[in-house]
Amino acid sequence: MKNIANILIIIFVAVSVYFMRADIKTAYLKVKGYIEQAQNKEPAFQEIKDPSETTSKGSISTSTPGPLKVLNSFLNHDSPSDLKQSETIRLTNEARAKNGNLPNLKENQTLDKSAKQKVDDMFAKQYFEHISPSGVGVSELGISAGYEYILIGENLALGNFKNEQALIDAWMASPGHRANILNKRYTEVGIAIKYGHFNGDNVWLAVQHFGLPKDSCPSVDFDLKTQIQNEQTQVKNIESTLNALKKEIDGEVAYNKEKVDEYNNLLNQYKNLTTKIGGEIEIYNKEVRAFNSCATGV
């Protein structure tokens, strides 16, 4: 009887181990499926659109109509009167009000600075173009002056203007320059006007810099993106550990409860972290979509 009892115990243990290992194998298959499902469902990062690239529905970062040499009707060949920056800004906003009742552009000192850099550079190097001989345009000027923008534009004018109104009239008579002045997306302006010797003549050079600052659009939490990327690295490390543990458990002759418990704990961490990452990516992508919509104007 004792021998029979021992045999029955051995059979019971063997059967139990068999079914436990079968259950573990089934669990592995489920885990493998879960991991693959999580990887397939995890949303990808959406990226900030570069506003310097033309989009089918959006805008471009810079608007630079051809430099304007004014017609004789706008010129005064006598001694020129002083052209004031403040009056030029006032008349710019007056033109916006008269043409579509557009809101006033706010003077921005950083744009004043970039406009001054442009007018000084044109006199110093004796050129009249949007791109300097060294390859610097309004985008680079805005950045070097410290202006973070979504959109930036530039109007240039050369001539002996009667007054500030003559300057604005000259720009408004040119379709490209008029479009800059009346662009409803611009919210800020900077102006520099300087009289000096240019290519053998004494003339005024005038520069308008228009801008839509970066903080006009919803912010994007780039720290969140960094956090997500760090968490994704953690997930890959956990996944590697899970695979290694599975091989160890498969190689065990007897059921190893300690390793199976470790495996299950890691699996819970994996599930929780992948769920967390999915939610964080959705939050980040929502911010990016809001920024891109604002930046492109759609």
Side-chain angles (χ1 to χ4, degrees), residues 30-63 103 106 108-111 113-114 137-153 183-188 209-246 262-298:
K30 288 181 179 179
V31 169
K32 184 175 182 295
Y34 177 84
I35 291 173
E36 291 174 351
Q37 184 182 32
Q39 290 172 336
N40 292 334
K41 285 189 174 182
E42 183 177 288
F45 285 117
Q46 293 185 0
E47 297 298 335
I48 295 288
K49 291 181 181 177
D50 182 354
S52 65
E53 297 178 356
T54 304
T55 64
S56 60
K57 297 181 180 179
S59 305
I60 55 176
S61 68
T62 58
S63 178
K106 180 182 177 181
N108 180 282
Q109 292 184 351
T110 305
L111 287 177
K113 178 182 176 182
S114 64
V138 63
S139 295
E140 292 80 12
L141 286 171
I143 292 169
S144 67
Y147 189 71
E148 295 187 352
Y149 62 87
I150 301 296
L151 303 173
I152 194 168
N183 188 327
K184 64 182 181 181
R185 300 204 65 209
Y186 290 134
T187 61
E188 298 179 336
H209 279 177
F210 305 92
L212 174 66
K214 188 175 181 179
D215 59 12
S216 297
C217 288
S219 62
V220 176
D221 187 355
F222 293 105
D223 289 338
L224 176 59
K225 182 177 182 180
T226 300
Q227 176 183 318
I228 293 168
Q229 290 171 329
N230 291 336
E231 289 172 343
Q232 287 174 325
T233 300
Q234 293 177 39
V235 164
K236 291 184 182 300
N237 292 336
I238 293 173
E239 189 174 327
S240 297
T241 304
L242 283 170
N243 290 331
L245 272 172
K246 178 184 182 300
E262 182 183 356
Y263 186 92
N264 288 336
N265 289 334
L266 278 174
L267 176 59
N268 286 330
Q269 290 181 35
Y270 182 91
K271 289 180 178 179
N272 292 336
L273 195 52
T274 52
T275 300
K276 182 173 182 284
I277 289 171
E280 289 171 342
I281 291 178
E282 284 299 327
I283 292 171
Y284 176 82
N285 285 344
K286 183 178 180 181
E287 292 177 352
V288 171
R289 288 192 295 268
F291 178 88
N292 286 340
S293 178
C294 172
T296 58
V298 296

In Å, rounded to the nearest 0.5 Å, how long is the span from CG of Leu267 to CG of Asn272?
-> 9.5 Å

Got a sec, which residues hit side-chain hydrogen bond (donor to acceptor under 3.5 Å, both in side chains) with Lys214, two or more places apart in sequence or on another chain?
-> none

Minimum-distance pair of heavy atoms, taken over all atoms of Leu212 and Tyr186 = N-CD2, 4.1 Å

Tell me, do Val138 and Phe210 make a side-chain contact under 4.5 Å, heavy atoms counted?
-> no

What residues, two or more places apart in sequence or in another chain, satisfy side-chain contact (heavy atoms from CB on, under 4.5 Å) together with Asp221?
-> Asp223, Leu224, Glu287

Exam field: side chain Glu140 to backbone Gly137, donor-acceptor pair closer than 3.5 Å | yes

Nearest heavy-atom approach of Gly146 to Thr110 is C-CG2, 3.8 Å

The reported gap from CG in Leu151 to OG in Ser139 (rounded to nearest 0.5 angstrom) is 10.5 Å

Using a 4.5 Å cut-off on heavy atoms from C-beta on, say whether the side chain of Ile152 contacts that of Leu141.
-> no

Lys225: partners by side-chain contact (heavy atoms from CB on, under 4.5 Å), with sequence neighbours left out = Phe45, Glu47, Gln229, Tyr284

Test side-chain contact (heavy atoms from CB on, under 4.5 Å) applied to Asn285 and Arg289, step by step = CA-CA 6 Å; Asn285 285 344; Arg289 288 192 295 268; 3.6 Å; yes

Quick one: are Glu239 and Lys236 in side-chain contact, heavy atoms under 4.5 Å?
-> no

Residue pair Ile150, Cys217: steps toward the side-chain contact (heavy atoms from CB on, under 4.5 Å) verdict | CA-CA 8 Å; Ile150 301 296; Cys217 288; 4.1 Å; yes

Under the ring-ring contact (aromatic ring centres under 6.0 Å, His included) rule, collect the residues that match up with Tyr147, sequence neighbours excluded.
-> none

Separation of Glu280 CD from Thr275 OG1 (nearest 0.5 Å) | 11.0 Å

Evaluate the side-chain contact (heavy atoms from CB on, under 4.5 Å) criterion for residues Tyr263 and Thr241: first the C-alpha distance (whole Å), next the side-chain angles of each, then the deciding distance (0.1 Å), finally the verdict.
-> CA-CA 9 Å; Tyr263 186 92; Thr241 304; over 6 Å; no

Which atom pair, heavy atoms only, marks the closest approach of Arg185 to Ala295?
-> NH1-O, 3.2 Å

Atom NZ in Lys113, atom CG in Asn108: separation rounded to 0.5 Å?
-> 11.5 Å

Looking at CG of Asn243 and CD1 of Ile238, how far apart are the two atoms once the value is rounded to the nearest 0.5 Å?
-> 12.0 Å

Apply side-chain contact (heavy atoms from CB on, under 4.5 Å) to Ser293 and list each qualifying residue two or more places apart in sequence or on a separate chain.
-> none

What heavy-atom pair brings Gln232 and Ile277 nearest, and what distance separates the two atoms?
-> N-CD1, 3.8 Å

What is the distance from atom CG of Asn237 to atom CD of Gln269, rounded to the nearest 0.5 Å?
-> 11.5 Å

Residues two or more places apart in sequence or in another chain: which of them pass side-chain contact (heavy atoms from CB on, under 4.5 Å) with Pro218?
-> Ala290, Cys294

